Amino acid sequence: MKKTVLVSGGAGFIGSHVTVELAQAGYDVVIADNFSNCDRTNYDGVCRILGKKMPLVEMDFCDAKAVDKLFDDYKIDACIHFAAYKAVGESVAEPLMYYRNNLLSFINILDQAHKRGLNVLFSSSATVYGEPEHLPVTEKSPRQPATSPYGNTKQMCEDFLRDSVAAYPGVKGIALRYFNPIGAHPSALIGELPRGVPNNLVPFITQTAIGKRECLSIFGNDYPTPDGTCQRDYIDIVDLAKAHVCAVARMLDGKMKKPYEVFNVGTGRPVSVMELVTAFEKVNGLKLNYKFAPRRAGDVTAIWADPTLANEDLGWKAERSVEETLAAAWAWEKRLAGK
Ligand code: UDP
């Protein structure tokens with residue numbers, strides 16, 4: 001019997017790629033989204049890639065009754081939760097909006113997990129590690145106090161899941177800590193769709209290259225790193241999506257070592273902002289307009305993953321090169337521009 005996976009926020013950047021990989025791995029997928037932070041482009045793209053109309057429930061996960069009805073209507077075996085706000089700066093300006101949306105929606109899902117017995121996968125983030133003392137970071141590296149309400153919601157939701165698993169038999173959970181997801185599907189039918197001026201590096205690069213933005217500002221070139229710019233672990237979005245398929249299979253096939261597990265999802269490879277810009281120029285054969293600007297408040301100097309646990313226990317490994325990923329990001333931006 002095919003298992004059914006619910007993807008909350010399945011029309012977003014990560015959720016849409018995860019939906020495609022799950023469906024291609026043989027799972028039935030139900031997408032639930034309220035389109036509050038995205039339009040239908042990625043949903044339509046998912047249906048085109050998969051060649052069928054995917055089940056879609058338009059709903060808000062803060063509405064407990066709607067969540068209960070969703071679980072009545074579909075027999076869900078596992079749930080992956082992406083439906084959340086994700087802009088760090090906005091979370092500082094609107095903390096209650098972030099706490100209400102990101103925490104309440106997850107509590108409503110955990111209520112269902114408690115009531116019905118459910119496998120829950122939470123989309124966490126490397127932001128929980130703050131500015132790490134030792135690199136690369138393992139899952140045992142200490143979490144640092146969050147520096148934004150957004151980061152705080154990631155830590156709190158991890159704790160909600162850990163505590164629910166401990167208290168309620170029948171609930172199992174995995175938290176995946178993503179490093180920096182970038183790129184787009186090789187079909188160029190789904191990808192990142194930032195609203196307004198992008199906060200993240202790669203959408204800003206591609207929008208500058210296409211002429212939507214005048215110039216990329218590289219925030220800080222005086223960091224204590226080899227070339228003075230920050231280092232991150234950029235993980236291809238399709239590789240990241242495949243980690244979810246491995247995690248879902250691990251939960252559904254009864255392979256977990258403990259009922260609550262945490263995995264870093266990264267490449268293990270540090271790449272500086274300057275290296276990323278140079279790689280983008282080279283692989284796509286163009287010159288990017290950029291300048292050095294002051295450091296951005298809240299940025300850590302360097303962080304990258306030790307992905308050993310995910311490699312060994314999850315049986316997952318990042319496969320795509322930064323160059324392939326940046327070519328896919330550029331193909332997506334060109335497609336959006338109709339070029
Ligand atoms: N960055 C930059 N210019 C931009 C956006 C980001 O130089 O317009 C840098 C940022 O300072 C950080 C890296 O790119 O060192 C990754 O930033 P992003 O916002 O993509 O992800 P974060 O690591 O902050 O989650």
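On a predicted model such as this, the values are computed, not experimentally measured, just so you know. Numbering starts at 1 and runs along the sequence shown. Both ligands and their constituent atoms are indexed starting at 1 by order of listing.
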### Task
Examine the side chains of E90 and Y98 and answer whether a donor and an acceptor come within less than 3.5 Å of each other.
yes

### Query
In Å, rounded to the nearest 0.5 Å, how long is the span from CG of D68 to CD of Q112?
4.5 Å

### Task
Determine the minimum heavy-atom distance between M54 and L50, stating which atoms define it.
SD-CD1, 3.7 Å

### Query
Can you find a heavy atom in the side chain of F219 that is under 4.5 Å from one in the side chain of L201?
no

### Under 3.5 Å donor-acceptor, D306 side chain and P136 backbone
no

### Query
Who pairs with K212 by salt bridge (charged side-chain N to carboxylate O under 4.0 Å, His left out), at least two apart in sequence or on another chain?
none

## Note on the structure
The answer, listing residues by chain and number that come under 4.0 Å of ligand 1 through any heavy atom, is N180, N199, N200, L201, F204, L216, S217, I218, F219, C230, R232, Y234, V273, R296, D299

